[in-house]
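All values reported here derive from a predicted model rather than from experimental measurement. Sequence lines set the chain letters: A, B, ... in the order given, protein chains first and strands last, and positions in each chain run from 1. Heavy-atom basis, side chains included; hydrogens, waters and symmetry copies ignored.
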There are 2 protein chains.
Amino acid sequence: MRWLDPGEGGPAVEVLDQTLLPQHRRSVVCRDIPTLAEAIRSLRVRGAPALGVTGAYGVALGALVDGDAQGAAATLSAQRPTAVNLGWGCRQVLAAGPGPAVMLAAARRLDADNTAACQAMGRHGAALLGDHAKVLTHCNTGTLACQGIGSAFGVVRTAFEAGNLGHLWVDETRPLLQGARLTAYEASVLDIPHSLIVDGAAGALFAAGRVDAVLVGADRIAANGDTANKVGTATLAVLAHHHDVAFYVVAPTSTIDPAAADGAAIDIEYRDAEEVRTAVGIAVLAPATTPVWNPAFDVTPAALITAIVTERGVVRPPFQTGLATAAAAG
Amino acid sequence: MRWLDPGEGGPAVEVLDQTLLPQHRRSVVCRDIPTLAEAIRSLRVRGAPALGVTGAYGVALGALVDGDAQGAAATLSAQRPTAVNLGWGCRQVLAAGPGPAVMLAAARRLDADNTAACQAMGRHGAALLGDHAKVLTHCNTGTLACQGIGSAFGVVRTAFEAGNLGHLWVDETRPLLQGARLTAYEASVLDIPHSLIVDGAAGALFAAGRVDAVLVGADRIAANGDTANKVGTATLAVLAHHHDVAFYVVAPTSTIDPAAADGAAIDIEYRDAEEVRTAVGIAVLAPATTPVWNPAFDVTPAALITAIVTERGVVRPPFQTGLATAAAAG
């Protein structure tokens, strides 16, 4: 995702359409708020930190093209309920206004800060891993999700570039297969040694002693450390706990929601049954009338998290004080 | 799967092609051993108990059409390494020979016994469930997998027919989606209230208190109770243990392998990467060169199993003696 200046065909937000990867690399140029809102809702752009940056540029776009930054912020924030970064990015830019120029400058600053935050998370997280660690990850937390080098994936990439990654295990992450479609793609582009597994195979992988650490991103971290992330994350946390394997959440401090006391306060997005009844909308997997329970996220209890890695350092349990300090340091 | 007599176009084994369900109901008539072997290898017929009956009829078919029951048993047994029932069914019929007529009679008896065993497992298992239990199951263990009413699914069906089932949660069971394609199909044909979930969503389902019991089948049960079943089963067992939910294995005594001391002695089948890189061979889910780790089964440690339900009654931990007694009672 990137901002297009007038000289590049803008003002607009250009989104690489992630729903088409890895088969097609096609971009959508969003010149107005309805087009950008659709791109967010349809997951053409996704990933909590990337949504923060998208929201930021989106509010600047609204100010520029409609003279309505407030309306843009309200519309964009409402597209995905769970990722706190989306509304945060919108609010940051609104607060910098009024005036489209200062708002765009604020969005650019937020984008650059986010990229720097990924680098910092990569350093802090890689320092936690043992030599040649075999890491299991879920969903996609790389460049596509975060801009920069990513959050959990940025840690993997940092360890790999230091010659210190054993292996990357990639959960396919049904229903929308962000692991298979996006993380496997990013790993293969970077030549990171990796293998794809179905989500259910994680139990066998842990039992075989082939996982040294789990690294995941986050969509919202409550004040006590309870963490909402892509559905399947809580399953991995229980497996890691049972097999005595470290479980790390990697996320920028913009993901911390001090207003949510604990996981029960986090609104979980439920998505359409067709996501489960089909694969990437093409293959029919189940009878057309099969009822489906399709939460997009789950909540991992703080008690199952070894540490939370932010751009401002590593927060250890009990998380309450450390998270409050990290969130306030901005 | 059923035997076709000469008056019905046989001698042959007719197999409903499960790889095409739920979209198409198409049968393959196997008049020779290579065709039947391919049907087993390609999972057109699958499910441990159904493979036992298929092996039995297959040996009779080999005796009838080639005069070579031994060769048929050797070929058919070799198609799937993990399900012990396949070789068991072949051996039972071989032992009844020589002579095609007595072998076919033995296969018919084994088929009828298997159907009766499903009824008995259904009764024993349903008696373990609380009132209106919400049951989570994995893979397919119904009529398609077992003939008769099924093993774990037969328990669900028995509870439902007694008006005592709360809800059936169906794991989609990647990569081959036997839950989505087959169990959801069987549940909908029978009007059993059910919902489909992605495998990763089980953690959220347990955390929400929406699972009262897990019921799964088995492909091979070692002497100590360690149980090989469809990949993803061990993940559910850890989740059930963590959330203090009962975890039941339901399988006929032909699934017990006294020769395997524990799970480490069970040969796990690894299958092709394309199963994971695609959905039902149609939708492309990952880059074509992505390496894949694709075990078809995993092993659930006996310590995570609440009870093993067989047609001869319920075996409780420690399993060693009870399983030996149940296996020997035949």
Side-chain angles (χ1 to χ4, degrees), chain A residues 22-23 138 169-175 177 180-181 184-185 187-188 193-207 230-239 241-243 268 273 276-287 289-295 297-299 301, chain B residues 22-23 138 169-175 177 180-181 184-185 187-188 193-207 230-239 241-243 268 273 276-287 289-295 297-299 301:
Chain A
Q23 297 201 274
H138 191 67
W169 296 104
V170 180
D171 251 9
E172 68 171 5
T173 316
R174 278 280 290 156
L177 298 148
R181 295 190 301 108
Y185 170 78
S188 90
H194 67 285
S195 305
L196 181 65
I197 63 168
V198 296
D199 302 319
L205 200 65
F206 277 100
K230 182 57 55 201
V231 72
T233 303
T235 300
L236 294 184
V238 169
L239 286 170
H241 181 75
H242 182 79
H243 291 282
I268 296 294
V276 177
R277 290 195 205 116
T278 67
V280 295
I282 298 170
V284 174
L285 309 182
T289 55
T290 296
V292 170
W293 188 68
N294 184 23
F297 303 94
D298 59 27
V299 174
Chain B
Q23 297 202 274
H138 192 66
W169 296 104
V170 179
D171 251 9
E172 68 171 5
T173 317
R174 277 281 289 157
L177 298 148
R181 295 190 302 106
Y185 171 77
S188 90
H194 67 287
S195 304
L196 181 65
I197 62 168
V198 296
D199 302 321
L205 199 65
F206 276 100
K230 181 57 55 201
V231 71
T233 303
T235 299
L236 293 184
V238 169
L239 286 171
H241 181 74
H242 181 79
H243 291 282
I268 296 294
V276 177
R277 288 195 206 115
T278 67
V280 295
I282 297 170
V284 174
L285 309 182
T289 56
T290 297
V292 170
W293 188 67
N294 185 22
F297 303 94
D298 59 26
V299 174

Quick one: what part of [X] sits under 4.5 Å from any heavy atom of chain A, side chain, backbone, both or neither?
{"X": "B/His241", "value": "side chain"}
{"X": "B/Ala184", "value": "both"}
{"X": "B/Leu236", "value": "neither"}

Closest heavy-atom contact between [X] and [Y]?
{"X": "A/Arg181", "Y": "B/Leu285", "value": "CG-O, 3.0 Å"}
{"X": "A/Asp298", "Y": "B/Gly200", "value": "OD2-O, 4.5 Å"}
{"X": "B/Ala286", "Y": "A/Leu196", "value": "CB-CD2, 3.8 Å"}

For the candidates [options], which exhibits the highest count of non-hydrogen atom pairs separated by less than 4.5 Å from chain A?
{"options": "B/His138, B/His194, B/Arg277", "result": "B/His194"}
{"options": "B/Thr173, B/Leu177, B/Leu239", "result": "B/Leu239"}
{"options": "B/Val238, B/Ile282, B/Val280, B/Thr290", "result": "B/Val238"}
{"options": "B/Val299, B/Val284, B/Ile197, B/Asp171", "result": "B/Val284"}

Which bit of A/Ala201 is near chain B, if near means a heavy-atom gap under 4.5 Å: side chain, backbone, both or neither? both

Where on A/Val292 is there a heavy atom nearer than 4.5 Å to chain B: the side chain, the backbone, both, or neither?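 The answer is both parts of A/Val292.
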
With a 4.5 Å heavy-atom cut-off, do B/Val276 and A/Glu172 have their side chains touching? yes

Please determine, among [options], the option with the most heavy-atom pairs under 4.5 Å with chain B.
{"options": "A/Gly203, A/Gly281, A/Ala207", "answer": "A/Gly203"}
{"options": "A/Asn294, A/Val231, A/Asp199, A/Val170", "answer": "A/Val231"}
{"options": "A/Ala273, A/Ala204, A/Ala187", "answer": "A/Ala204"}
{"options": "A/Ala283, A/Gly232, A/Pro287", "answer": "A/Pro287"}
{"options": "A/Thr289, A/Leu205, A/Ile268, A/Thr278", "answer": "A/Leu205"}

Any residue meeting side-chain hydrogen bond (donor to acceptor under 3.5 Å, both in side chains) with B/Ser188, in chain and number order, not counting sequence neighbours: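 None.
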
Quick check: does any side chain N or O of A/Ser195 sit under 3.5 Å from a backbone N or O of B/Pro291, one acting as donor and the other as acceptor? no

